[in-house]
Q: 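One structure, pasted below without further comment.
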Amino acid sequence: MTDQTRIATTRTASYEADPSEVKRVLLLYSGGLDTSVMLKWIQDEYGAEVVALTVNLGQPGEDYGEVRDKALGLGALECQVIDAREEFARDFVIPAIKANALYGGGYPLFTALGRPLIAKLAVQVARATGCDTIAHGCTGKGNDQVRIEATVATLAPELRVIAPVRGWQMGRDEEIAYARKHGIPVKGGTDVTPYSIDDNLWGRSSEGRWIEDLDHAPEDDVFQLVTRPELAPDEPQEVTVGFEAGVPVSLDGERLEIVELLERVAEIGCRHGVGIVDHIEDRIVGLKVRDIYEVPAAAIILTAHQELEKLVCTIHQNQFKPQIDRQWSYLVYAGLWWEPLRGDLDGYIQSVNEQVTGEISLKLYKGSARVVRRASRNAVYDKALASFGESGGLFSQQASPGFIELWSLQSRMAYRLRERDE
Ligand code: ARG
């Protein structure tokens, strides 16, 4: 044990583990460098057993058999792989769609939505396998540690948490050295630091490297999901999303289960370069950070949902709901998924969404997704009333002057008072 890799013995929070009591650890395992080093390191430094858990939230192109084999090869007692795509889509992404959830005006919260589910599953598996402690690979600078630890501390007060990356002070080079020394397979070239990636079926983020230089325009190699708009097809494509009570249920008229629908929408968006976001974000731990997001499904579905909701809601609902939506997004971003206020807000959001049924068509073309058609039996819209022509007495244009007189009354009075005093 070197100074650099020693375990943290000072506990700041009640849920942090006392090293002498760590006997069996549930490790949230991705198969990447950090958590692979951790799998070995926990066994060595704590003398503890490790159960690995990998959660499938629809990370594109992941080979879960390979991840499991790697965990077992590194000495895990067992490695469970849970396919949680359905639960993630149903219980986390759909509520976010209904809330038009975009933090900071650009981030559809895919990571923030995934963490409470991952941590909830970690609690379940930890209890079922007799673990006393949950370990994760988050750093001490990000939001993810907050989301995971807040969830564990909320759902399982009897469990403890360790976050080795926060304490072990190994940089990437030391981790690679540690991996080499302990026979941990290191993937790919080790000369270039990779981006820090997190992804699931609702989007993908990249952080690190040049992304930290705010004046550095995105380099092409960061886009591993969405086609760069300049390479997207010259032919536009129209896509129609059908909603029932706020839930996306069909694509171009074909009814689909939610996971398949989201995956197919993502695929279409990727092809047309839709959903690239270069985002500066206020983290809850005080830092500002830049993320490159690729969110093809969210860019299409959220745009369509918001458009349909606007059509079926009154002016008053349309003025009010964005405030509720913003609060919802902030709670979720900030790691407070289990906070009762979110449930309260969901009650209102759900009530509004009862009316959100219909179809929205978007034209996708070289990075843009533009609404071109709308249809809903709940639209608060009457062509006869709105049209330039005669409305057959339903909307009395003769009544308008009276309305304008009363509507502008206070504003006119106040204006005159100010003139008098000048
Ligand atoms: N900035 C986003 C968030 O806080 C994405 C974080 C991605 N996480 C990661 N471990 N790379 O939710």
Side-chain angles (χ1 to χ4, degrees), residues 27-38 53-62 67 88 92-93 95-96 99 101-119 122 134-151 161 163-166 171-172 175 193-212 214 218 222-226 275-299 302 326 328-337 342:
L27 169 64
L28 283 165
Y29 185 65
S30 71
L33 180 65
D34 286 336
T35 54
S36 294
V37 166
M38 207 175 293
L53 169 64
T54 302
V55 182
N56 174 0
L57 296 182
Q59 300 88 308
E62 191 70 86
V67 173
F88 179 54
F92 294 81
V93 177
L102 272 187
Y103 176 72
Y107 169 43
L109 296 176
F110 52 89
T111 298
L113 292 162
R115 294 307 187 227
L117 173 55
I118 290 172
I134 290 175
H136 63 75
C138 305
T139 72
K141 285 192 171 180
N143 299 315
D144 290 329
Q145 55 175 346
V146 182
R147 298 163 181 155
I148 288 176
E149 293 177 22
T151 296
V161 174
V165 176
R166 218 158 42 192
R172 186 175 154 78
E175 284 187 34
T193 307
Y195 298 106
S196 163
I197 306 290
D198 189 63
D199 59 358
N200 60 45
L201 53 75
W202 198 228
R204 168 188 162 92
S205 75
S206 304
E207 296 174 354
R209 293 181 54 190
W210 53 262
I211 300 170
E212 292 167 357
L214 301 189
V222 74
F223 301 112
Q224 296 294 320
L225 188 64
V226 174
I276 291 175
V277 182
D278 183 334
H279 200 235
I280 300 289
E281 194 164 289
D282 288 305
R283 280 188 185 160
I284 41 184
V285 293
L287 302 169
K288 277 193 202 293
V289 68
R290 180 187 186 198
D291 276 271
I292 303 292
Y293 292 129
E294 295 168 84
V295 291
L302 290 178
R326 192 174 312 114
W328 193 96
S329 297
Y330 178 63
L331 285 179
V332 172
Y333 183 80
L336 298 181
W337 177 263
R342 185 189 55 83

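Order of appearance sets the numbers: ligands from 1, and atoms from 1 within every ligand. This one's a predicted model, so the numbers in the text were calculated from it and none came from an experiment.
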Q: Counting both backbone and side chain atoms, is some N or O of Tyr107 under 3.5 Å from an N or O of ligand 1?
A: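 Such a contact does occur with ligand 1.
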
Q: Can you confirm if the aromatic rings of Phe88 and Trp202 lie within a centre distance of less than 6.0 Å?
A: no

Q: What residue and heavy atom of the protein are closest to atom 6 (C) of ligand 1, and at what distance?
A: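 Checked against all protein heavy atoms, atom 6 (C) of ligand 1 sits closest to Glu207 OE2, 3.6 Å.
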
Q: What residue and heavy atom of the protein are closest to atom 2 (C) of ligand 1, and at what distance?
A: Tyr293 OH, 3.1 Å

Q: Salt bridge or not between Lys141 and Glu212? Use side-chain N to carboxylate O under 4.0 Å.
A: no

Q: Is there at least one pair of N or O atoms, one from Glu281 and one from ligand 1, spaced under 3.5 Å apart?
A: yes

Q: As a quick check of understanding, evaluate side-chain contact (heavy atoms from CB on, under 4.5 Å) for Leu201 and Val93, giving each step before the final call.
A: CA-CA 9 Å; Leu201 53 75; Val93 177; 4.3 Å; yes

Q: Under the side-chain hydrogen bond (donor to acceptor under 3.5 Å, both in side chains) rule, what do Tyr333 and Glu281 come out as? Steps first, then yes or no, please.
A: CA-CA 11 Å; Tyr333 183 80; Glu281 194 164 289; 2.8 Å; yes

Q: Give the atom numbers and elements of ligand 1 that come within less than 4.0 Å of a heavy atom of Asp291.
A: 1 (N), 5 (C)

Q: How far is atom 11 (N) of ligand 1 from its nearest protein heavy atom, and which residue and atom is that?
A: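 Of the protein heavy atoms, Ser196 OG, 3.2 Å lies nearest.
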
Q: Does Ser329 have any side-chain contact (heavy atoms from CB on, under 4.5 Å) partners at least two apart in sequence or in another chain, and if so, which?
A: Ala101, Leu109

Q: At less than 4.0 angstrom from any non-hydrogen atom of Asp198, what atoms of ligand 1 do you find?
A: 7 (C), 8 (N), 9 (C), 11 (N)

Q: Can you tell me which portion of Tyr103 lies within the under-4.0 Å heavy-atom range of ligand 1? Options are side chain, backbone, both, or neither.
A: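 Within the 4.0 Å criterion, Tyr103 makes no contact with ligand 1.
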
Q: Among all protein heavy atoms, pick the one closest to atom 9 (C) of ligand 1 and tell me residue, atom and distance.
A: Asp144 OD2, 3.5 Å

Q: Which atom pair, heavy atoms only, marks the closest approach of Arg290 to Pro218?
A: NH2-CD, 3.8 Å

Q: Taking OH in Tyr330 as the centre, count heavy atoms belonging to other residues, nucleotides or ligands within less than 6.0 Å. Is the count above 12?
A: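 For Tyr330, atom OH is not crowded (no more than 12 foreign heavy atoms under 6.0 Å).
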
Q: Note the single closest protein heavy atom to atom 7 (C) of ligand 1, along with its residue, its atom name and the distance in Å.
A: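 Here the closest protein heavy atom is Ser205 OG, 3.3 Å.
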
Q: Donor-acceptor pair, Gln145 side chain versus Gly142 backbone, under 3.5 Å?
A: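 Judged by distance alone, yes, a pair lies under 3.5 Å.
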
Q: Using a heavy-atom cut-off of under 4.0 Å, does the side chain or the backbone of Arg115 touch ligand 1, or both, or neither?
A: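 Side chain only.
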
Q: Test of understanding: given a 4.0 Å heavy-atom threshold, classify the contact between Arg283 and ligand 1 as side chain, backbone, both, or neither.
A: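 The answer is neither.
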
Q: Counting heavy atoms only, which part of His279 comes closer than 4.0 Å to ligand 1: side chain, backbone, both or neither?
A: neither

Q: What protein heavy atom sits nearest atom 4 (O) of ligand 1, and how far off is it?
A: Asn143 ND2, 2.7 Å

Q: For Arg204 and Val222, which heavy atoms make the closest approach, and how far apart are they?
A: NH2-O, 4.0 Å

